[in-house]
Every structure is written in C-alpha cells, then in structure tokens.
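Numbering starts at 1 and runs along the sequence shown.
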Amino acid sequence: MAGSKENNLNESKRVVPLNTWILISNFKLAYNLLRRPDGTFNRELAEFLERKVSPNTIPVAGVFSFDVLDKSTGLLNRVYRPAPENESQWGFIDRENPLSTNKVVPVIIFFHGGSFTHSSANSAIYDTLCRRLVTICKGVVISVNYRRSPEYRYPCAYDDGWAALKWVKSRSWLQSGKHNKVHVYLAGDSSGGNIAHHVAVRAAESGVEVLGNILLHPMFGGQERTESEKRLDGKYFVTIQDRDWYWRAYLPEGEDRDHPACNPFGPRGKSLEGIKFPKSLVVVAGLDLVQDWQLAYVEGLKKARKEVNLLYLKQATIGFYFLPNNDHFDCLMEEIKNFVDPSC
C-alpha cells in the first residue's frame with residue numbers, strides 16, 4: 001500500500017472537500033461491510049443501507065422523472081425530463097409526442113457506477129446527478145437499472161445496456177429535430193463508463209447510431225500493476241484489493257484482468273478500426289489509482305483513429321461530481337454541456 005492508513009486518511013482529508021470526503025468515506029465503510037472474502041455479497045444489507053428515492057412527476061428544481069418497465073426484458077429505466085413551462089401540464093407524462101419537431105434534444109443514457117455491484121437507477125446520489133445533467137444539457141436522461149454482480153456476471157450488464165439502447169431508440173416520444181430521430185449519447189461513471197464503452201462497440205458493429213460517449217473515470221484494468229496503482233493504493237478511498245474483488249465478482253469465473261471486459265485494448269482486446277465508433281469524452285481524476293488504465297484507454301482510441309477528448313483533472317478524486325462544491329465539478333459540467341450541444 002502507498003502509505004499507512006493514518007497518513008492516507010490525513011492526505012485525503014487535506015485534498016478532498018469535507019462534505020465530499022464524508023460522503024465517499026461513508027460509502028467506503030458500507031462497501032467494506034458488504035463484500036465477503038469468499039466473493040459473495042450481502043445484497044439484503046446493501047438494499048437496507050442504500051438511500052433510494054422515488055420518481056417525481058411533479059417537477060423538483062425544473063426536472064420531473066418517471067419509471068418505465070421494458071416489458072420485453074423486465075429492465076427498469078428511470079426517465080428524467082425538463083419540466084414543461086406551462087404549470088398546468090405538470091404531472092402529465094407525454095409518451096406520444098416527440099420532444100421537439102424543430103430543435104435537437106440530446107438523450108443521454110446513463111449507467112450508474114458502483115463497480116458493477118453497488119447502487120441502482122434510483123440511488124439518491126445518481127438521481128441528483130441525473131437531474132443536474134438534464135438542467136445543464138437541456139436534454140433528457142435515461143438511467144438504466146442494469147443487473148449487478150456477483151449475482152449476475154459478465155456479460156449481463158452489457159446485455160442490459162444494449163437492451164436499454166434499443167429501447168430508447170425505438171421510443172417515438174424521445175425523438176427530436178427535423179429528421180425525427182433519437183439523438184443518443186451514452187454516459188456513465190466507474191463501471192458505468194465501462195458499460196458505456198462496450199455498449200457503444202456493440203452499437204457500432206450493429207450499425208446503431210450513438211452520437212457520443214461520456215466516461216467519468218471509467219473502470220478499466222489489467223493484469224499488470226501500473227505506476228498509479230502502486231502510488232495511490234489506499235490513499236484516496238480505494239485500494240487495489242478492492243478493485244480486484246470487484247473484477248473477480250464480475251468477470252467469468254477463472255478469468256483474469258486481461259479479459260476484454262476489463263482491458264479493452266489489452267492482449268485480447270477488440271480492434272475498433274473500420275467501425276464507426278462515436279466520439280468520446282473521457283474524464284480522468286488525477287487521484288484515482290486506476291488512472292493509468294484510463295489514460296491507456298484514451299491512447300487506444302487514438303491509435304484506432306477515433307475522436308476522443310481527454311479531461312484530466314489533476315487534483316480530483318473519484319466521485320468529485322456528486323457535489324457542486326469544487327471547481328472540477330463546474331469544469332466537468334461545462335465540458336459535458338458542450339459535448340452534447342448540437343451546435344458545437
């Protein structure tokens with residue numbers, strides 16, 4: 001480990017805003033209670049501890065939400081939309097008319113983080129984040145309640161992400177613009193960023209249009225121990241041991257971290273050359289121990305001649321975007337807004 005637990009604790013307290021430090025530290029404490037050494041997970045306790053919120057058809061801070069069950073797959077999607085200007089329409093869910101017949105309205109499919117194991121589409125922290133994305137991007141967000149490991153291993157999360165993309169694409173009430181189509185972006189943090197990449201690959205191979213990927217410190221890795229993993233192990237909330245547990249819980253039994261799910265540009269990775277892979281915004285926190293793998297992912301996109309914009313935030317930690325209490329948050333939201341802006 002990079003240093004003693006006491007030194008690591010003091011260092012993270014010095015760098016991270018206090019309320020963010022308390023938020024993420026509480027998550028880490030709960031996560032350590034839920035993971036078992038034998039690779040199983042205390043799902044019952046996790047559901048009890050997690051703070052969840054219901055959808056609200058009456059707008060809160062200019063955004064309303066509702067849940068939709070895809071009957072063909074049993075997959076739950078939470079939809080977030082800007083509130084109608086006319087208050088008489090509040091509480092009415094329009095699933096017949098398009099979002100707009102003239103201007104383009106971005107639709108962001110969001111995959112929550114949690115290392116494939118924690119959180120859900122109705123987790124309070126992700127509910128708040130999705131609302132902020134709606135406000136900042138002036139668009140619609142679809143948060144996907146994908147199946148989680150270790151109960152559901154690879155490729156279940158990817159299959160659910162693909163099903164969600166096809167569902168969104170088939171909804172006429174999510175269309176906008178003069179050409180009557182759904183203008184889709186994929187986004188996610190941690191494992192959600194990993195899911196967004198793999199769903200985008202499947203979409204490109206299948207000829208399904210995705211306009212862009214937004215990956216917030218995506219969860220990638222590999223067998224090799226990188227410099228950042230050794231240097232930051234345990235310093236800012238996460239240890240190598242933590243990461244290894246989650247990969248063992250998600251990957252097929254007996255697989256190592258060079259599996260393409262974990263290491264997309266590794267020795268068994270899939271080439272992106274020759275397919276229409278969307279542009280990407282990759283956000284890397286400079287205090288995230290797996291940043292070397294995220295930077296390697298950016299280089300992999302560049303080598304495949306794909307458009308990629310790297311936002312490297314040197315003093316940011318994981319989860320910095322949950323609370324608007326730092327300059328990194330404002331910088332990120334501006335980047336995302338410009339990334340999905342049809343006029344840019």
Side-chain angles (χ1 to χ4, degrees), residues 53-112 120-123 126-146 159-188 192 195-196 199-200 202-204 206-214 278 336-337 339-343:
V53 294
S54 301
N56 64 295
T57 55
I58 302 301
V60 174
V63 178
F64 73 98
S65 63
F66 56 94
D67 291 341
V68 182
L69 183 68
D70 181 355
K71 294 181 180 179
S72 65
T73 62
L75 188 65
L76 180 75
N77 298 309
R78 177 162 293 185
V79 182
Y80 297 86
R81 293 182 57 170
E85 293 182 5
N86 186 347
E87 291 189 17
S88 66
Q89 297 178 350
W90 288 9
F92 172 70
I93 299 175
D94 184 358
R95 291 171 56 185
E96 294 184 5
N97 298 306
L99 297 172
S100 174
T101 55
N102 45 46
K103 68 177 183 178
V104 170
V105 179
V107 176
I108 300 172
I109 301 177
F110 186 84
F111 303 104
H112 66 79
S120 58
N122 58 0
S123 297
Y126 285 108
D127 184 85
T128 301
L129 178 59
C130 289
R131 291 175 184 281
R132 287 179 175 142
L133 291 175
V134 169
T135 301
I136 290 166
C137 299
K138 294 179 171 40
V140 173
V141 173
I142 315 290
S143 186
V144 182
N145 207 49
Y146 61 85
D159 290 343
D160 289 349
W162 174 240
L165 173 59
K166 291 191 294 182
W167 181 85
V168 167
K169 279 285 191 177
S170 67
R171 303 301 102 176
S172 61
W173 48 275
L174 291 174
Q175 294 177 349
S176 66
K178 297 179 181 178
H179 301 293
N180 295 321
K181 68 177 184 177
V182 185
H183 297 80
V184 170
Y185 294 82
L186 302 179
I195 295 169
V199 173
R202 192 182 298 192
S206 304
V208 176
E209 183 183 44
V210 171
L211 297 177
N213 283 350
I214 303 167
I336 293 176
K337 182 180 76 171
F339 187 78
V340 302
D341 187 342
S343 65

Practice prompt. Could you list the residues that satisfy side chain to side chain contact (heavy atoms under 4.5 Å, CB included) with Ser206, not counting sequence neighbours?
Written response: Trp162, Arg202, Val208

Worksheet item: CG of Leu165 to CD1 of Ile109: how many Å apart, nearest 0.5 Å?
Response: 4.5 Å

Worksheet item: With side chains defined as the heavy atoms from C-beta onward, is the minimum distance between Val105 and Arg81 less than 4.5 Å?
Response: no

Worksheet entry | Contact check, side chains of Phe111 and Tyr146, non-hydrogen atoms, under 4.5 Å | yes

Worksheet entry | Partners passing side-chain hydrogen bond (donor to acceptor under 3.5 Å, both in side chains) against Asn77 (at least two apart in sequence or in another chain) | none

Practice prompt. Kindly write out the residues that satisfy side chain to side chain contact (heavy atoms under 4.5 Å, CB included) with Thr73, not counting sequence neighbours, or none if the list is empty.
Written response: Asp70, Leu75, Ala163

Item to complete: Write down the atom of Gly188, the atom of Phe110, and the distance for their closest heavy-atom approach.
Response: CA-CE1, 3.9 Å

Would you tabulate the side-chain donor-acceptor contacts of residues 179-186 under 3.5 Å, counting partners in other chains and residues two or more places apart, or write 'none'?
unit_1	atom_1	unit_2	atom_2	d
Lys181	NZ	Glu209	OE1	3.1
His183	ND1	Ser176	OG	3.3
His183	ND1	Lys181	O	3.2

Discussion item. Does any part of the side chain of Asn145, heavy atoms only, come nearer than 4.5 Å to the side chain of Asp67, both counted from C-beta?
Written reply: no

Discussion item. Working to the nearest 0.5 angstrom, can you tell me the gap between Cys130 SG and Arg78 CZ?
Written reply: 9.0 Å

Discussion item. By the side-chain hydrogen bond (donor to acceptor under 3.5 Å, both in side chains) test, which pairs, at least two apart or in different chains, include something from residues 164-174?
Written reply: none

Worksheet entry | Partner residues of Ser54 under the side-chain hydrogen bond (donor to acceptor under 3.5 Å, both in side chains) criterion, sequence neighbours left out | none

Worksheet item: Nearest 0.5 Å, what's the CD1-CD1 distance between Ile108 and Ile336?
Response: 7.0 Å

Worksheet item: Does Ala204 have any side chain to side chain contact (heavy atoms under 4.5 Å, CB included) partners at least two apart in sequence or in another chain, and if so, which?
Response: Ile275

Worksheet item: Can you name the residues that form a salt bridge (Lys or Arg N to Asp or Glu O under 4.0 Å) with Asp160, not counting sequence neighbours?
Response: Arg147

Worksheet entry | Residue pair Ser120 / Tyr126, side-chain heavy-atom distance below 4.5 Å | no

Response to the item:
Between the CD1 atom in Ile58 and the CD atom in Glu87, the distance rounded to the nearest 0.5 Å is 10.0 Å

Worksheet entry | Student check: side-chain heavy atoms of Leu174 and Ile142 closer than 4.5 Å | yes

Worksheet item: Could you give the distance from NZ (Lys178) to CG (Asn102), rounded to the nearest 0.5 Å?
Response: 8.0 Å

Worksheet entry | Qualifying residues under side chain to side chain contact (heavy atoms under 4.5 Å, CB included), relative to Ala61, sequence neighbours excluded | none

Item to complete: Check whether any side-chain heavy atom of Ser65 sits under 4.5 Å from a side-chain heavy atom of Asn56, and report yes or no.
Response: yes

Discussion item. Just to verify, what does Arg131 make a salt bridge (Lys or Arg N to Asp or Glu O under 4.0 Å) with, not counting sequence neighbours?
Written reply: Asp127

Worksheet item: When rounded to the nearest 0.5 angstrom, what is the spacing between CG in Asn213 and CD1 in Ile195?
Response: 12.5 Å

Practice prompt. Under the salt bridge (Lys or Arg N to Asp or Glu O under 4.0 Å) rule, collect the residues that match up with Asp94, sequence neighbours excluded.
Written response: none

Discussion item. I'd like to check the ring-ring contact (aromatic ring centres under 6.0 Å, His included) partners of Tyr80; sequence neighbours left out, ordered by chain and number.
Written reply: none

